[in-house]
Amino acid sequence: MTFDKLDAGRIRAFPLAERRNLLDIRKLAIDPNRPPPKIGTQLQGRVDRLAERIRAARETGASVMFAYGAHLVKNGCAPLVNALIDGGHVTHLATQGAGVIHDWEFAYQAASGESVRENTPLGRFGSWEETGRWINLAVIAGAAVGMGFGEAVGKLITENELVLPDANTLRQQILADPAAPLTAARADLLHSIQRFHLPPGRLEVEHPFRQYSILAAAFAREIPLTVHPGIGYDIIVNHPMYHGAAIGRAAETDARIFAQQVDRLDGGVYISVGSAIMSPQVFEKALSAVNNIREQDGRPYIKDHYLAIVDIQDAGGWDWTTGEPPSDNPAYYLRYCKSFARMGGTLDYLQCDNRDFLAALLNRL
């Protein structure tokens, strides 16, 4: 059947300069050198134990994975996360689409965040030219050379440029080997180049505030930062240049990179901060995939991993150390606790503001 669909080519994108931004990273950014807030003796003790597990994991070469939601970026925590990266405390980072969007906008203009209430009725919410153009184009071009979502945008921010191939070069590559793994991605890039009349060579885009970018810090340190978006979830879908196939290809690459890090999680640490859906959902699939392959290889399943889950919710008022609540208890439906409670290892749920948690953890480390 053929169903009617919106013509995305008719979406009008507006300059970011016209948007009223709700957040300024120069005012929000948290100094990693300032004394951490007091979080209480009991919670501090659990942060201390987490720091000990991180140190032990790094000494043995096990993964220390850090997954986070977009509010961590919006709360000005990038300098704290970047200090963890620079200190060699984490081996992998993961976020979702909104985590990338706020990170990029802070790096580009030091401001992010818009009013849904103001802009959606006017047809302006999310339709911002620079955000949609550069993030989408970075992913389309990155996918054509086999990059993941996170690496492609991190490279853009760090190098202040995108380099596009000549259209004829892409055509020749496609015709020379139509069945090559990157052929479809090259065709998508060729289509975008032709549709939007993009010139070959260097496209310059400055990121004067990239010191606030987690993506840039991870790229500079050659630490994987994977992005796990939903199709249609993020504001970049409201731009004519949005390409779901490219988003999917780059996200697939990142999902496989994520799973490879999970394969090194024996005796390691997985930290999930403020990600109620993406983190538990991606983690459980990756853990299962890794154990699937381990069984075929005659290797033992992942064990001795430590799961530190951080959120401001009260976990449904349930003590998760006692096991999973029954299905008639509302806490049963808290994915960010229930999924991790089923993943083996040791689970510790820390109810804490992400700013206070990160400051306390960084100070202890």
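- Salt bridge R342/E324: present, at least one basic N to carboxylate O contact under 4.0 Å.
- Among the candidates I25, I214, L72, I135, the single residue satisfying the side-chain contact (heavy atoms from CB on, under 4.5 Å) test with D103 is I214.
- By the 4.5 Å side-chain criterion applied to Ile, Leu, Val, Met, Phe, Trp and Tyr, Y333 is assigned to a cluster that also includes Y332.
- A side-chain N or O of W128 and one of E114 form a donor-acceptor pair less than 3.5 Å apart.
- By the 4.5 Å heavy-atom criterion applied to side chains, P165 and L189 are counted as neighbours.
- Proximity of Y68 to I271: side-chain heavy atoms (C-beta onward) are nowhere separated by under 4.5 Å.
- With N238 contributing its side chain and F125 its backbone, the two residues share a donor-acceptor pair below 3.5 Å.
- Formation of a donor-acceptor pair under 3.5 Å by the Q109 side chain with backbone atoms of A111 is found in this model.
- Using a 4.5 Å heavy-atom cutoff, the side chains of R364 and R55 are in contact.
- D48 and Q44 share a side-chain donor-acceptor pair at under 3.5 Å.
- Ion pairing of R53 with D348 is absent here, as no side-chain N (NZ or NE/NH1/NH2) approaches a carboxylate O to less than 4.0 Å.
- Contact of the L137 side chain with the F196 side chain is not registered, since no non-hydrogen atoms from C-beta on lie closer than 4.5 Å.
- Note on residues 217-226: pairs passing salt bridge (charged side-chain N to carboxylate O under 4.0 Å, His left out), not counting sequence neighbours, are D86-R221.
- Taken from OG1 in T321 to OH in Y349, the straight-line distance is 13.5 Å, to the nearest 0.5 Å.
- Apart from V145 itself, the hydrophobic cluster it occupies contains M147, where clustering links Ile, Leu, Val, Met, Phe, Trp and Tyr at side-chain heavy-atom distances under 4.5 Å.
- Not a single donor-acceptor pair under 3.5 Å links the side chain of S339 to the backbone N or O of Q281.
- One distance of note links CG of L198 with CZ of R133; it measures 6.0 Å at 0.5 Å rounding.
- For the residue pair Q296 / N292, a side-chain donor-acceptor distance below 3.5 Å is found, with atom types taken as modelled.
- For R58, the side-chain contact (heavy atoms from CB on, under 4.5 Å) partners are I54, V64, T91, not counting sequence neighbours.
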Legend entry - Steps toward side-chain contact (heavy atoms from CB on, under 4.5 Å) verdict (N160, R210): CA-CA 10 Å; N160 291 318; R210 61 182 176 274; 3.0 Å; yes
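- More than 12 heavy atoms of other residues, nucleotides or ligands shown are found within 6.0 angstrom of CZ on R171.
- Although no hydrogens or angles enter the test, the distance criterion places no donor-acceptor pair under 3.5 Å between the side chain of H243 and the main chain of M241.
- The hydrophobic cluster analysis finds Y233 isolated: no Ile, Leu, Val, Met, Phe, Trp or Tyr side chain comes under 4.5 Å of it, directly or through other members.
- Rounding to the nearest 0.5 Å gives a distance of 10.0 Å between CG of L215 and CG of L156.
- Between the side chains of T131 and E105, at least one donor N or O lies within less than 3.5 Å of an accepting N or O.
- The distance from the CG atom of D188 to the CG atom of L170 is 11.0 Å, given to the nearest 0.5 Å.
- The closest side-chain donor-acceptor pair between S63 and H92, if any, does not fall under 3.5 angstrom.
- A search for side-chain contact (heavy atoms from CB on, under 4.5 Å) contacts involving A255 returns nothing, not counting sequence neighbours.
- In this structure, OG in S279 is found 8.5 Å from NE2 in H228, a value given to the nearest 0.5 Å.
- Here the side chains of N354 and I312 are not in contact, with every heavy-atom distance at 4.5 Å or above.
- No more than 12 heavy atoms of other residues, nucleotides or ligands sit less than 6.0 Å from atom OH of Y301.
- In this structure, the side chains of V262 and Y270 stay at 4.5 Å or more apart for every pair of heavy atoms.
- Heavy atoms from other residues, nucleotides or ligands lying under 6.0 Å from CZ of R299 number more than 12.
- The closest side-chain heavy-atom distance from F283 to L265 is below 4.5 Å.
- The shortest distance between side-chain heavy atoms of N329 and W318 falls below 4.5 Å.
- Salt bridge annotation for R294-D266: present, with a cationic side-chain nitrogen under 4.0 angstrom from a carboxylate oxygen.
- D311 places no side-chain N or O within 3.5 Å of a backbone atom of A276 that could act as its donor or acceptor partner.
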